[in-house]
Amino acid sequence: MTGTTGAIFKVPKEVFDGIDEAHDEGFAVAVAYPNPGKDVLNIRTGLKDARVEVYDMSGRLMHRQDITENVTGIDTGGWAAGSYVWIVYTGVSTGSTTLVETGKWIKE
């Protein structure tokens, strides 16, 4: 298939007991797109009580935001071109946060 970059499969939540089991089966619980991107970084996840943080390659926090929707858009228009690391945590409301997903995003 020409032009196809991947497929999306809907897996019922009952299939997995938790995040670790999903990871063990090769599934991500959060993804960033478009990658590479320009002015917006989107984080897609079905996680509740979660937060996303984005860091530049020197470790400087660029953005922190609670996740309240299935897709969280982050305005990156003022950021320099380069690579960034995004991290999604759960347990935000309890103060007992757990890292659940991380990835690299490239800004063109």
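At least one donor-acceptor pair under 3.5 Å links the side chain of T76 to the backbone N or O of D39. Looking only at distances, no side-chain donor or acceptor of W86 sits under 3.5 Å from a matching main-chain atom of V31.
Residue pairs meeting the salt bridge (charged side-chain N to carboxylate O under 4.0 Å, His left out) criterion with at least one partner in residues 50-63, sequence neighbours excluded, are R51-E53, E53-R64, D56-R60. For the ring-ring contact (aromatic ring centres under 6.0 Å, His included) condition, the pairs that include at least one residue of residues 47-82, sequence neighbours left out, are W79-Y84.
For the side-chain contact (heavy atoms from CB on, under 4.5 Å) test, residues two or more places apart in sequence or in another chain that qualify with K38 are E108. In this view, R44 satisfies the salt bridge (Lys or Arg N to Asp or Glu O under 4.0 Å) rule with no residue, not counting sequence neighbours. Applying the salt bridge (Lys or Arg N to Asp or Glu O under 4.0 Å) criterion to D66, with sequence neighbours excluded, gives no partner residue. For D49, the salt bridge (Lys or Arg N to Asp or Glu O under 4.0 Å) test picks out no residue, with sequence neighbours left out.
Linking Ile, Leu, Val, Met, Phe, Trp and Tyr whenever their side-chain heavy atoms come within less than 4.5 Å puts I67 and V54 in one cluster. Note on V100 and W105: same hydrophobic cluster, where clusters join Ile, Leu, Val, Met, Phe, Trp and Tyr whose side-chain heavy atoms are under 4.5 Å apart, directly or indirectly.
Heavy-atom minimum distance, M57 versus V85: SD-CG2, 4.1 Å. Counting all heavy atoms, side chain and backbone alike, V88 lies closest to A50 at CG1-CB, 4.4 Å. Between V40 and P34 the shortest heavy-atom distance is O-CD, 3.8 Å. The shortest non-hydrogen separation linking A32 to L41 is CB-CD1, 3.7 Å.
For the atom pair CG (L47) and CG (N70), the distance works out to 9.5 Å, reported to the nearest 0.5 Å. Interatomic distance, CG of N42 versus CG of N35, reported as 11.0 Å (0.5 Å rounding).
In this structure, E101 and T45 have side chains that are not in contact, with every pair of non-hydrogen atoms separated by 4.5 Å or more.
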Carefully, step by step, assess Y33 and V71 under the rule side chain to side chain contact (heavy atoms under 4.5 Å, CB included).
CA-CA 10 Å; Y33 68 93; V71 177; 3.5 Å; yes
